[in-house]
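This structure is a prediction, so every number in the text was calculated from the model and none was measured. Index from 1, following the sequence.
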Amino acid sequence: EKFVICGDNASHALSILERFYEVANKVVSVEDVQLALVEQRAGTAPAVPPASGKHETETTDIDIPALKTLHTASEIEAEAWIKESGLESCPLIIKPPVSSGSEKVFHIPASGEWKRAFRRVLAEPVLSGLKSETVVIQEQAIGTEFAVGTVSAHGRHFLTHLMKYKKTSSGEHKTVFDHVEFVPHDTGALGELVDYARKSLDALGVRYGAAHTEIMLTKTGPRLIESSPRMIGGPVVGFSREATGSSQADRLVELYADGD
């Protein structure tokens, strides 16, 4: 028997499980479960993954428009890169490489002071209690943000939901969710967006399972914000069923239960 735990309360869930079960080598992440199912379909692994270990993902060389981005621990390198990239007079994003939601995501206005935010990312722990050893600096994407939910099989990416984000600001926090809206897949207006999401998944080597991809639709076209090989979080599964009659979770179960 295996237990799957995930999310911000994973450590608390594990402590509860440990009171009742011998869980040594029985706790795996939801990402490992998805990877195991992928490998099982490919005939390269048993049904259940090991309880620990790193996995490498094959990527492909696909050219898609992307935001200028630097990942560094050096403030000097960051300053030089900003100048070389022609971003001195452009709005920037400063953020940790790993965090929760919009935690420690700083929006720097055009020609604004970015070094204080850079230092805060390195100095202040995120919600997990860990400190970031590096900082991500990125040109800021201006436009309307969408979440594209997909389920993939044999490298074909099937759309499960399409949501438009509406965000507001509160103090220094510029990406506070106001609401999300489920939108129909209009191939005329949003076809470019979904095509871009599929190309992004191809570039990341995603072939099986669920993926959550966030894209900003800018005046120069779609730009990737993030993509993660997992289902969307929060109560969206229930909302999606109400809005569309199905959900990413339902499609994922169908894939694994009924085949490709």
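Clustering ILVMFWY residues whenever any of their side-chain heavy atoms sit less than 4.5 angstrom apart, transitively, puts L224 in a cluster other than the one holding V136. Under the 4.5 Å side-chain heavy-atom criterion for grouping Ile, Leu, Val, Met, Phe, Trp and Tyr, I215 is connected to L190 within one hydrophobic cluster.
The two residues A210 and L252 have their closest heavy-atom pair at N-CD1, 3.6 Å. Of all the heavy atoms in A73 and L122, the pair that sits closest is O-CD1, 4.1 Å. Listed here is the closest heavy atom pair of L162 and P184: CD2-O, 4.1 Å. Across every non-hydrogen atom of R223 and P65, the tightest pair is NH1-CB, 3.3 Å. In plain terms, the two heavy atoms of L255 and A153 that are nearest each other are CD1-CB, 3.6 Å.
Within the 3.5 Å criterion, the main-chain N or O of T150 finds a donor-acceptor partner in the side chain of Q248. Under the 3.5 Å distance criterion, the side-chain polar atoms of Y196 are left unmatched by any main-chain donor or acceptor of L217.
Partners of E77 under the side-chain contact (heavy atoms from CB on, under 4.5 Å) rule, at least two apart in sequence or in another chain, are L70, T72, S74. Residues passing the side-chain hydrogen bond (donor to acceptor under 3.5 Å, both in side chains) test with H185, sequence neighbours excluded: none. Legend: residues meeting side-chain contact (heavy atoms from CB on, under 4.5 Å) with S132, ordered by chain and number and at least two apart, are P96, P97, V121, V126. Residues satisfying the salt bridge (Lys or Arg N to Asp or Glu O under 4.0 Å) test with E75, not counting sequence neighbours, are R119. By the salt bridge (Lys or Arg N to Asp or Glu O under 4.0 Å) test, K68 pairs with no residue at all, sequence neighbours left out. Listed by chain and number, the residues in a salt bridge (Lys or Arg N to Asp or Glu O under 4.0 Å) with K95 amount to none (sequence neighbours excluded).
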Side-chain donor-acceptor pairs of residues 140-147 under 3.5 Å, sequence neighbours excluded:
| unit_1 | atom_1 | unit_2 | atom_2 | d |
| --- | --- | --- | --- | --- |
| Q140 | NE2 | L92 | O | 3.0 |
| E145 | OE1 | K167 | NZ | 2.9 |

Without placing hydrogens or testing angles, list every side-chain donor-acceptor pair under 3.5 Å for residues 232-246, not counting sequence neighbours.
| unit_1 | atom_1 | unit_2 | atom_2 | d |
| --- | --- | --- | --- | --- |
| S240 | OG | S246 | O | 3.0 |
| R241 | NE | D250 | OD1 | 3.4 |
| R241 | NE | D250 | OD2 | 3.0 |
| R241 | NH2 | D250 | OD1 | 2.8 |
| T244 | OG1 | S240 | O | 2.8 |
| T244 | OG1 | S246 | N | 3.3 |
| T244 | OG1 | S246 | O | 3.0 |
| S246 | OG | R251 | NE | 3.4 |

Donor-acceptor pairs under 3.5 angstrom involving side-chain atoms of residues 106-118: please list them, not counting sequence neighbours.
| unit_1 | atom_1 | unit_2 | atom_2 | d |
| --- | --- | --- | --- | --- |
| E113 | OE2 | K115 | N | 2.7 |
| E113 | OE2 | R116 | N | 3.4 |
| K115 | NZ | E79 | OE2 | 3.4 |

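A donor-acceptor contact closer than 3.5 angstrom is absent between the side chains of Y165 and H179.
Pairs of residues two or more places apart, or lying in two chains, that qualify as side chain to side chain donor-acceptor pair (under 3.5 Å) and include a residue from residues 122-131 are R120-E124.
Membership of the apolar cluster around M216 extends to L67, I225, as traced through chained side-chain contacts below 4.5 Å between ILVMFWY residues. V98 shares a hydrophobic cluster with no other residue; no ILVMFWY side chain has heavy atoms under 4.5 Å from its own.
Going from atom CG of D178 over to atom NZ of K166 covers 6.5 Å, rounded to the nearest 0.5 Å. Interatomic distance, CD1 of I82 versus CD of E88, reported as 8.0 Å (0.5 Å rounding).
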Query raised in the report: Do F182 and K164 pass the side chain to side chain contact (heavy atoms under 4.5 Å, CB included) test, and can you show the C-alpha distance, the side-chain angles, and the key distance before you say yes or no?
Result: CA-CA 6 Å; F182 284 86; K164 181 166 66 174; over 6 Å; no
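Side chains of S152 and H157 form a contact here, defined as non-hydrogen atoms less than 4.5 Å apart.
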